[in-house]
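Inspection log for the structure reproduced underneath, given as structure tokens.
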Amino acid sequence: MKSLEELKAIRKQLEGSVADRPEGSKETRIVVGMATCGIASGARPVLQAIADEVEKHGLDYVKVTQTGCIGLCQYEPIVEVYEPGKEKVTYIKMNPGKAAEMVEKHIMGGSLLESYMLCEDGDAALRSLNESVFYKNQKRIALRNCGVIDPEKIDEYIATGGYEAIHKVLTEMTPDEVIQTILDSGLRGRGGAGFPTGLKWKFASGNRGNVQKYVCCNADEGDPGAFMDRSVLEGDPHVVLEAMSIAGYAIGSNQGYIYVRAEYPIAVKRLQIAIEQAREYGLLGKNIYDTGFDFDIELRLGAGAFVCGEETALMTSIEGNRGEPRPRPPFPAVKGLFESPTILNNVETWANIPRIILNGAEWFASMGTEKSKGTKVFALGGKISHTGLVEIPMGTPLSTVIDDIGGGIPNGKKFKAVQTGGPSGGCIPAEYYDIPIDYENLASIGSIVGSGGMIVMDEDTCMVDIAKFFLQFTVDESCGKCTPCRVGTKRMLEILEKITSGKGEMEDLNRLEKLAGQIKQNALCGLGQTAPNPVLSTLKYFREEYIAHIRDKKCPAGACRALTTYQIDPVKCKGCTLCARSCPADAITGTVKEAHAIDTAKCIKCGTCIEKCRFGAISKS
């Protein structure tokens with residue numbers, strides 16, 4: 001078992017060697033982003049190439065290591081170099097050849113490779129990503145260690161103050177004081193509804209020591225476009241273990257469970273490593289810090305059912321049963337896992353707990369808005385220049401996220417909408433471009449913060465098709481237990497399919513709204529209750545698109561194939577024949593240097609001709 005003094009000695013030994021290189025340090029540190037985004041982009045051979053070069057040249061003063069998601073995922077593989085007394089240097093879109101060159105010219109030769117560094121709007125190369133607009137408007141708390149430490153080395157977590165918060169609560173605070181601190185901080189659950197975290201803990205805190213209780217982590221992230229929780233688990237797994245231990249002490253529990261998707265193999269592996277390391281150090285298990293407090297954690301793997309993100313379905317799955325929701329009340333704080341009092345929070349919520357304990361409730365509450373405190377992590381994706389992980393103070397305007405952090409809409413297109421909250425959320429139109437992002441503001445316009453997916457859409461996006469996409473997801477993921485969700489969402493999807501195929505009727509809009517109201521009122525769990533949200537929000541803000549599909553038999557965005565027609569402008573067409581040679585349906589005819597034509601009866605509307613035309617002669621309407 002490690003004592004606090006031993007942990008402080010580890011911290012002192014490594015302090016400054018993880019996140020920076022102080023003047024007195026002699027070691028150079030090369031870090032490679034090895035989260036899912038980095039590995040998928042080819043980070044493994046990059047890491048190996050660097051290690052091979054360092055070994056080949058006998059560079060004993062160089063340490064090569066991995067880290068989690070650095071954040072700006074589109075530029076992976078990312079390599080960062082920390083040298084003694086210097087600011088770090090970031091290289092983007094690396095490959096083994098570039099990596100070897102970097103070791104030779106930068107590490108050995110002292111010359112920066114500016115061509116491999118990030119440039120913004122044609123400006124000079126930025127020394128590190130920290131200087132980019134993507135990072136300047138962020139405030140990292142939940143992500144503070146992601147992209148900084150090696151997630152598979154407990155000592156590096158300790159070097160950043162890890163496991164000091166659990167020592168503080170065990171030796172300096174009563175359980176009620178811990179709960180009051182979380183209450184005073186204003187932290188709300190980051191998994192969807194935004195319920196006050198401290199209040200949830202308080203409900204479960206009665207009868208400490210007399211009743212078996214459980215602490216659960218919801219890592220069953222399943223929203224399309226969401227990867228916040230996965231990135232925390234891959235980049236900083238110990239923060240979740242420490243936070244759950246703190247909650248165990250607060251409510252009187254000795255057992256925790258992390259329910260994580262089996263489709264997250266890197267996260268699962270790093271959690272397993274972290275749990276083993278914490279047990280070896282005596283930071284999980286019996287008599288933690290010699291205080292008599294016992295707490296351990298086990299993993300449970302989910303099979304990918306979206307409904308298991310709902311708390312009662314998740315607990316049912318942990319128990320070994322089919323993952324279906326249970327009626328509430330009783331709520332989990334009273335009767336949850338194995339019919340015992342249980343608290344459940346998602347990964348991002350847990351990631352805030354240790355910093356709140358160490359820095360105080362007022363520190364956390366000083367960020368954000370009056371009712372939405374702290375920061376929120378978003379997975380920024382879709383039609384946006386910069387994709388990746390973003391952590392911002394609550395209340396940050398949407399326009400700041402889109403224009404500054406996200407770099408705006410690419411290809412000169414116009415912003416149309418952003419979907420927040422995944423299948424449970426809604427579409428925010430351009431008229432709310434400057435809306436502050438927090439729980440109350442988004443709820444007021446028919447959307448939600450949710451777990452943090454943020455999918456940006458431009459003028460080429462069909463909002464009817466988007467509503468259909470999210471509803472299709474919900475239909476596929478419904479557990480089928482209750483009729484409103486199982487049958488009602490299917491009927492709504494059939495109406496949307498009818499509209500997008502050109503067979504819709506104006507009365508269908510009333511049918512959609514009526515069905516949506518019945519489902520929201522009568523579905524058993526949150527999945528069904530929120531399933532109509534994407535349809536309702538698009539009907540509210542983009543009703544004219546639905547009408548165009550029905551009345552005019554046209555898709556204004558040109559996204560619905562059944563309602564789209566391709567045509568060739570005879571003035572612009574040069575008769576190069578490339579479109580005809582590329583058409584898989586032989587629907588284009590014409591001779592060399594003569595204007596071509598499209599046989600709409602044969603056209604399968606695949607869009608290949610538009611992609612191949614070099615003169616902008618082909619359009620769709």
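The first residue in the sequence is number 1, and the count goes up from there. Since the model is a prediction, treat every value here as computed from it, not as a measurement.
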Could you state the interatomic distance from CD (Glu391) to CG (Leu143), rounded to the nearest 0.5 Å? 4.5 Å

Please check if the side chain of Lys612 supplies one atom and the backbone of Ser582 the other of a donor-acceptor pair under 3.5 Å. no

Would a 4.5 Å heavy-atom cut-off, applied to side chains only, mark Tyr91 and Val81 as touching? yes

Is the backbone N or O of Pro325 less than 3.5 Å from a side-chain atom of Glu310, with the two atoms forming a donor-acceptor pair by type? no

If you count every heavy atom of other residues, nucleotides or ligands that lies below 6.0 Å from Lys540 atom NZ, does the total exceed 12? yes

ring-ring contact (aromatic ring centres under 6.0 Å, His included) pairs, two or more places apart, involving residues 574-621: none

Tell me whether Asp438 contacts the main-chain N or O of Met394 through its side chain, where contact means a donor paired with an acceptor under 3.5 Å. no

Is it true that the side chains of Lys520 and Asn533 contain a donor and an acceptor less than 3.5 Å apart? yes

Could you tell me if Thr538 and Tyr546 have a donor-acceptor pair between their side chains, going purely by distance under 3.5 Å? yes

Side-chain donor-acceptor contact under 3.5 Å, Glu80 with Ser128: no

Given side chains that start at C-beta, do those of Ser451 and Asp229 come closer than 4.5 Å, heavy atoms only? no

Look at the side chain of Lys553 and the backbone N and O of Gly502, then say whether any donor-acceptor pair between them is shorter than 3.5 Å. yes

Verify the neighbour count for atom NZ of Lys269: are there more than 12 heavy atoms of other residues, nucleotides or ligands below 6.0 Å? no

Working for side-chain hydrogen bond (donor to acceptor under 3.5 Å, both in side chains), residues Asn130 and Lys136: CA-CA 7 Å; Asn130 290 355; Lys136 285 181 178 179; over 6 Å; no

Using side-chain contact (heavy atoms from CB on, under 4.5 Å) as the criterion, list what pairs up with Lys503, not counting sequence neighbours. Lys498, Ser501

Are side-chain N/O atoms of Tyr432 and Asn441 paired as donor and acceptor at under 3.5 Å? no

Does either side chain, that of Lys620 or that of Thr565, offer a donor lying less than 3.5 Å from an acceptor on the other one? no

Could you check whether Ser619 and Tyr566, counting side-chain N and O atoms only, form a donor-acceptor pair closer than 3.5 Å? no

Taking Gln138 for its side chain and Ile392 for its backbone only, find out whether a donor-acceptor pair lies under 3.5 Å. no

Counting only heavy atoms not in Arg491, do more than 12 sit closer than 6.0 Å to its CZ atom? yes

Distance, nearest 0.5 Å, that separates CD of Glu611 from SG of Cys606: 7.5 Å

Any donor-acceptor N/O pair, Ser447 side chain to Gly426 backbone, under 3.5 Å: yes

Do Leu113 and His106 come within less than 4.5 Å of each other through their side chains, counting heavy atoms only? yes

Residue pair Thr530, Ser424: steps toward the side-chain hydrogen bond (donor to acceptor under 3.5 Å, both in side chains) verdict: CA-CA 5 Å; Thr530 59; Ser424 302; 2.9 Å; yes

Taking atom types as modelled, find out whether Glu221 and Tyr264 have a side-chain donor-acceptor pair closer than 3.5 angstrom. yes

I'd like to know if the side chain of Glu104 reaches the main chain of Ala100, judged simply by a donor and an acceptor atom lying under 3.5 Å from each other, with no hydrogens or angles considered. no

Any residue meeting side-chain contact (heavy atoms from CB on, under 4.5 Å) with Pro534, in chain and number order, not counting sequence neighbours: Gln419, Phe470

Under 3.5 Å, is there a donor-acceptor pair between the Glu101 and Tyr116 side chains? yes

Can you confirm whether Leu509 sits close enough to Ile547 that some side-chain heavy atom of one is under 4.5 Å from a side-chain heavy atom of the other? yes

Short side-chain to backbone donor-acceptor contact, Gln74 and Ser385, under 3.5 Å: yes

What do you reckon, is CZ of Arg127 surrounded by more than 12 foreign heavy atoms closer than 6.0 Å? yes

Exam field: side chain Glu505 to backbone Glu507, donor-acceptor pair closer than 3.5 Å: no

Heavy-atom side-chain contact between Leu398 and Ile402 under 4.5 Å: yes

Please answer whether the main-chain N or O of Thr375 pairs with a side-chain N or O of Arg190 as donor and acceptor at a distance below 3.5 Å. yes

Cation-pi check for Phe378 against Lys376: NZ or CZ below 6.0 Å from the six-membered ring centre and within 45 degrees of the axis, yes or no? yes

Considering only heavy atoms from C-beta outward, does the side chain of Thr90 approach that of Glu131 to under 4.5 Å? no

Are the side chains of Pro556 and His549 in touch, meaning some heavy atoms are under 4.5 Å apart? yes

For the NZ atom on Lys139, are there more than 12 heavy atoms of other groups (residues, nucleotides or ligands in this structure) within a distance under 6.0 Å? no

